[in-house]
There are 2 protein chains.
Amino acid sequence: MSAGEQRGRKPRADVQRNRTALLETAQRHFLQHGVGTSLEAVAKEAGVGPGTLYRHFPTREALLAAVLQTRSEELVARQADIEQLGDPAEALEQWLRAMEEYFSAFSGLPDPLMAAARAQEPDNPLTIPCGILISATDQYVRAAQLAGRVRASVRGHDLFLAACSVAWIKGTGTEEESLDRLRTLIASGYRERDTQA
Amino acid sequence: MSAGEQRGRKPRADVQRNRTALLETAQRHFLQHGVGTSLEAVAKEAGVGPGTLYRHFPTREALLAAVLQTRSEELVARQADIEQLGDPAEALEQWLRAMEEYFSAFSGLPDPLMAAARAQEPDNPLTIPCGILISATDQYVRAAQLAGRVRASVRGHDLFLAACSVAWIKGTGTEEESLDRLRTLIASGYRERDTQA
DNA sequence: CATACATACGGAGGCAGCATCCGTTTTGAT
DNA sequence: ATCAAAACGGATGCTGCCTCCGTATGTATG
């Protein structure tokens, strides 16, 4: 079970090479054409046949999940920054923004993400990441609630949905101003009313 | 320009027949398989060739818009009911629910709807309906604001987006309970804080 | 009723993308 | 140098989109 364990044979070199090439190309295509981009095109540009792509990543979701893994590291990095903040309300706000950006990395991403969040299919490779994000959000929410900055009825899952929504709308090409207005609306929804003295 | 004007020749009978058959079949398929349903299948089941379908409705959006027209009549009917209510806050709430149901009639509907709401392409047949809905929402918002029940900073367009979002999430198969929580969150966002005496 | 004309029909066909299967090549081990 | 496992990749079949044009259908006229 040790890290360096190599059972049987050393893995072939081209495997890792192709995998990397596919991931890089896929990321570019997802960025440019959204999650619905042609997988054939990705394979061709990565210099491999369709078969190779499908062997590495049996479904579009699998490829997507693998590409997202890279990006999710950025998200974790942000978490470190966020936890520096003393203010739990501020922390929650920033976390929501971070998630939103993560969700809107590629156009059309929120749809498969939501499908995974529903999580009926446990073999969906996007399911696990979603679960992590939801419980992370819940942490931030609880902290802010303890500080009396967020209404008691709010749950992490609610704000996860809200962040997804905003990301979805963003992906439809709505202007940034409208988005900001929506964010403000949502913030007014979860923030505790000022406890007037 | 009068209604009964018939220039040249009387229109052929099969035209109207096919159009109706297509609309009915399309509605069924949209309901069962979402807006992405196969148009070929619709044509076949309606008993016409693909060419006929595309002549009547050149794009998927055109077909969608035509089908939606029927449903939008229900929406207008609801407006009458809603305006019976004395309470403008209640009226707004009901209107939002009505829109939400309208948006989630077919799975996947919110996407083309939002694309139309952006309204860069004025020939998109969904654009006009969207504009109407937005300004209608604005009416309800203003009324509620005059009664001091909705925060002054809120605009109709914001709540239009919110309703779209909820409809979108609904379409992804999220449980009704989560949806209700989200609706509550949004409502807390736009409602005026209780003016404590 | 017969004819002529306009109009609409419908399916064949070209194209793109998905996903699979299997003969061939590459690679690591001996 | 040789072998066998492992991976490759492209040919293949399928579905759906959308267009084009020869043909059928329905409407007006003698």
Side-chain angles (χ1 to χ4, degrees), chain A residues 4-23 25-26 28-30 32-66 106-108 111-112 115 121 123-125, chain B residues 4-26 28-30 32-66 106-108 111-112 115 123-125:
Chain A
E5 181 185 26
Q6 59 182 75
R7 36 206 263 177
R9 188 186 280 242
K10 189 160 106 187
R12 284 175 53 159
D14 45 353
V15 170
Q16 182 61 24
R17 207 153 27 82
N18 284 333
R19 189 187 155 85
T20 311
L22 279 169
L23 283 176
T25 312
R28 262 207 322 282
H29 280 241
F30 283 147
Q32 288 177 11
H33 313 294
V35 297
T37 194
S38 159
L39 296 188
E40 274 193 344
V42 170
K44 189 184 296 184
E45 197 182 305
V48 305
T52 299
L53 189 156
Y54 283 103
R55 193 170 335 97
H56 280 272
F57 309 101
T59 68
R60 184 180 295 270
E61 277 74 34
L63 179 56
L64 200 50
F106 316 129
S107 129
D111 289 82
E121 323 123 41
D123 52 346
N124 183 327
Chain B
E5 180 183 25
Q6 61 180 77
R7 37 206 264 175
R9 191 183 275 243
K10 188 160 108 187
R12 285 175 52 159
D14 44 357
V15 171
Q16 183 60 26
R17 208 153 29 80
N18 284 331
R19 187 185 157 86
T20 310
L22 279 169
L23 283 177
E24 281 177 7
T25 311
R28 261 207 323 283
H29 279 240
F30 283 148
Q32 289 177 10
H33 312 294
V35 296
T37 194
S38 159
L39 297 189
E40 275 192 343
V42 171
K44 190 184 296 184
E45 196 181 305
V48 305
T52 300
L53 189 156
Y54 284 103
R55 194 169 337 95
H56 280 273
F57 309 102
T59 67
R60 184 180 295 270
E61 276 74 34
L63 179 56
L64 200 50
F106 315 128
S107 129
D111 289 81
D123 52 345
N124 184 327

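Each chain gets a letter, A, B and so on, in the order its sequence line appears, and its residues count up from 1. Keep in mind that what you see is a predicted model, and the values were worked out from it rather than measured.
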> Atom CG of B:L39 to atom P of C:dG10: distance rounded to whole Å?
Replying inline: 16 Å
>> What I want to check is whether an N or O donor and acceptor connect the side chain of B:R9 with the base of D:dT27 at under 3.5 Å.
In response: yes
> Just by modelled atom types, is the B:V42 backbone N or O under 3.5 Å from a matching donor or acceptor in the B:R28 side chain?
Replying inline: no
>> Output the rounded distance in Å from CD (A:E40) to P (D:dA11).
In response: 12 Å
> Base, sugar-phosphate, or nothing for A:R17, non-hydrogen atoms under 4.0 angstrom?
Replying inline: sugar-phosphate
> Of all heavy-atom pairs between A:L22 and A:A43, which one has the smallest distance, and what is that distance?
Replying inline: CD2-CA, 4.3 Å
>> Just the rounded figure in Å: distance from P of C:dA12 to NZ of B:K44.
In response: 11 Å
>> Just the rounded figure in Å: distance from C1' of D:dA7 to CG of A:L22.
In response: 13 Å
> So A:F106 and A:T37, side chain to side chain contact (heavy atoms under 4.5 Å, CB included) or not? Walk me through it.
Replying inline: CA-CA 10 Å; A:F106 316 129; A:T37 194; over 6 Å; no
> What distance do B:F57 atom CZ and B:T52 atom OG1 have between them, rounded to the nearest 0.5 Å?
Replying inline: 11.0 Å
> Listed in order of residue number, which residues of residues 52-66 of chain B have a non-hydrogen atom at under 4.0 Å from DNA chain D?
Replying inline: B:Y54, B:R60
> Has the side chain of B:R60 got a donor or acceptor atom that lies under 3.5 Å from a matching backbone atom of B:L39?
Replying inline: no
> What's the shortest heavy-atom distance between B:V35 and B:G108, and which atoms?
Replying inline: CG2-O, 3.3 Å
> In whole angstroms, how far is the P atom of C:dA6 from the CG atom of B:D14?
Replying inline: 17 Å
>> What verdict does the side chain to side chain contact (heavy atoms under 4.5 Å, CB included) test give for A:H56 and A:L63, after you've listed the backbone C-alpha separation in whole Å, the side-chain angles of each residue and the deciding distance to 0.1 Å?
In response: CA-CA 8 Å; A:H56 280 272; A:L63 179 56; over 6 Å; no
>> Rounded to whole Å, please give me the gap between CZ in A:R12 and C1' in C:dT27.
In response: 5 Å
> Atom CG of B:N18 and atom P of D:dA24: how far apart are they, to the nearest Å?
Replying inline: 17 Å
>> Classify B:A41 by what it touches in the nucleic acid, base, sugar-phosphate, or nothing, heavy-atom distance under 4.0 Å.
In response: nothing
> Does OP1 or OP2 of C:dA16 have a side-chain N or O of A:S38 closer than 4.0 Å?
Replying inline: no
>> Nearest whole Å is fine: how far is C:dA16 P from A:H33 NE2?
In response: 15 Å
